[in-house]
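FYI, the numbering just counts along the sequence from 1.
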Amino acid sequence: LSKDDLILKEIPNIGFPDIGGLEDVKEEIRKAIIYPFTHKELYRMYGQKAGEGILLYGPPGCGKTMMAKAAAKECGAEFISVKTSSIVSKWVGASEKNIKQIFDTARQSERAIIFFDEIDSVAVRRSESEDYAKRVVNEMLAQMDGVDTAGDDLLVLAATNEPWSIDPALRRPGRFSKLVFIPEPDLEARAAIFDIQLKDRPIDDEVDVMALAGMTDSYSGADIASICREAADIPLGEALRGGEIRKIGMQDFATVIEKRKPSITSWYI
Ligand code: ATP
């Protein structure tokens, strides 16, 4: 397998304005990720160590990946994303070598953010994990330990829906010592996500995003994105069947929301 099958390297096209809500998180990300890159000298002057790994956690579909991408865009970094589960399933025997390859690829960029999605697929407590997973984590930690001393413009982010299952060894200083919580969207955030998801679609004047937000308590950002797609499908389908071309109405949203359960129900214990 070539590394291109599993590593996605891109200049991201998602920025903070594309993310609805999460204003506090954006500010936290600016301080933790963007300013240390863009104001390196100031940080050094005040003796603040930059470059520690950051673990984004929270319920599924609420913007962890988007936030990591947007962080890369905001600081002009290349975004190297790795679906961690695919490393272990596809790279059996060669996992450590490929972790090294990911970091080597990143070091070739002038500035890069590496993003390990689904980190819990390897980084569970060591007593419970398989040998290959331990080797992957060990190599990841070794590479991360080397990052700061080398003076690389490189930052490692990871995401998990299961922070409680993460190996505490990963949380030591210099590793993923900083945690950033990406919560489910509140009312305001849901309205902002509807605004973003609907901005390029024809909607009726009667459509009220605040009302839609009120109808979608416990729905994730990913749920809202798909509600908007499904609502648009209703008038689209009618038009395809020869009906009149009309805008998306409040009723279309109501129909879709009624049929669909919120995905964030049991995450918070
Ligand atoms: P998972 O834990 O399942 O990997 P995640 O937290 O990484 O999910 P994302 O992949 O960032 O979630 O979000 C999934 C999709 O949901 C996005 O591509 C986007 O369409 C939509 N979405 C989620 N949160 C937001 C948000 N705050 N603003 C706008 N769109 C959002």
Side-chain angles (χ1 to χ4, degrees), residues 6-8 19 21-22 24-26 28-29 32-33 52-72 79-92 95-96 98-99 102 113-144 155-186 189-190 193 217-226 260-269:
L6 299 166
I7 308 173
L8 182 69
I19 301 179
L22 298 174
D24 299 349
V25 178
K26 288 177 193 169
E28 208 177 335
I29 296 280
I33 301 177
E52 308 229 313
I54 295 170
L55 183 64
L56 306 175
Y57 73 102
C62 292
K64 295 185 289 298
T65 306
M66 278 188 110
M67 196 58 87
K69 254 190 204 178
F79 184 66
I80 299 174
S81 82
V82 185
K83 193 172 168 191
T84 315
S85 59
S86 61
I87 301 179
V88 277
S89 58
K90 293 185 187 162
W91 286 348
V92 176
S95 313
E96 304 99 298
N98 286 292
I99 290 282
I102 292 165
I113 288 184
I114 304 179
F115 177 61
F116 288 103
D117 204 358
E118 305 172 5
I119 186 113
D120 42 90
S121 61
V122 291
V124 293
R125 286 161 200 282
R126 286 182 202 208
S127 52
E128 294 160 23
S129 65
E130 305 282 350
D131 269 357
Y132 61 79
K134 282 181 202 162
R135 290 201 304 270
V136 168
V137 171
N138 285 340
E139 181 61 28
M140 202 183 278
L141 295 180
Q143 290 288 340
M144 287 178 74
L155 196 66
V156 185
L157 302 187
T160 181
N161 303 327
E162 299 179 28
W164 48 83
S165 64
I166 297 292
D167 185 344
L170 257 82
R171 305 275 332 279
R172 294 214 190 103
R175 298 172 173 180
F176 294 100
S177 42
K178 187 163 175 55
L179 290 182
V180 174
F181 178 48
I182 313 278
E184 71 172 282
D186 60 13
R190 292 196 301 276
I193 298 171
D217 191 27
S218 294
Y219 287 77
S220 69
D223 289 338
I224 292 172
S226 79
R260 198 191 165 97
K261 286 206 172 67
S263 67
I264 308 170
T265 43
S266 57
W267 198 83
Y268 299 90
I269 305 162

Atom of [X], atom of [Y] and distance for their closest heavy-atom approach:
X	Y	result
D120	A159	OD2-O, 4.3 Å
L179	Y57	CB-CE2, 3.9 Å
A71	I113	C-CD1, 4.2 Å
L22	I182	CD1-CG2, 4.0 Å
F181	G58	CE1-CA, 3.9 Å

Test side chain to side chain contact (heavy atoms under 4.5 Å, CB included) on E28 and K178; report intermediate values, then the result.
CA-CA 11 Å; E28 208 177 335; K178 187 163 175 55; 3.9 Å; yes

Run the side chain to side chain contact (heavy atoms under 4.5 Å, CB included) check on I119 and M140 step by step: do they pass?
CA-CA 11 Å; I119 186 113; M140 202 183 278; 3.7 Å; yes

Checking the side chain of [X] only, and the main-chain atoms of [Y] only, is there a donor and an acceptor separated by less than 3.5 Å?
X	Y	result
K64	P59	yes
T84	D117	yes
R175	A169	yes

Quick check for you: to the nearest 0.5 Å, what is the distance between [X] atom [atom1] and [Y] atom [atom2]?
X	Y	atom1	atom2	result
T65	M67	OG1	CE	11.0 Å
F176	I166	CZ	CD1	8.5 Å
S81	K69	OG	NZ	6.5 Å
S177	R171	OG	CZ	7.5 Å
L170	T160	CG	OG1	10.5 Å
C62	I19	SG	CD1	12.0 Å

For residues 218-226, which side-chain donor-acceptor pairs fall under 3.5 Å, sequence neighbours excluded?
residue, atom, partner, partner atom, Å
Y219, OH, I257, O, 3.4
Y219, OH, R260, O, 2.5
S220, OG, A222, N, 3.3
S220, OG, D223, N, 3.0
S220, OG, D223, OD2, 3.4
D223, OD1, R260, NH2, 3.4
D223, OD1, S263, OG, 3.3
D223, OD2, S220, N, 2.9
D223, OD2, S263, N, 3.0
D223, OD2, S263, OG, 2.8
S226, OG, D223, O, 3.3
S226, OG, R260, NH1, 2.9
S226, OG, R260, NH2, 3.1

Close side-chain approach of I54 and I29, heavy atoms under 4.5 Å
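Not touching, per the 4.5 Å side-chain cut-off.
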
Between V180 and L157, does the side chain to side chain contact (heavy atoms under 4.5 Å, CB included) criterion hold? Intermediate values first, please.
CA-CA 10 Å; V180 174; L157 302 187; over 6 Å; no

Go through E139 and N98 one step at a time and tell me if the side chain to side chain contact (heavy atoms under 4.5 Å, CB included) criterion holds.
CA-CA 9 Å; E139 181 61 28; N98 286 292; over 6 Å; no

Among I264, D24, V25, find the one that has a side chain to side chain contact (heavy atoms under 4.5 Å, CB included) with P183.
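One option only clears the test, and that one is V25.
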
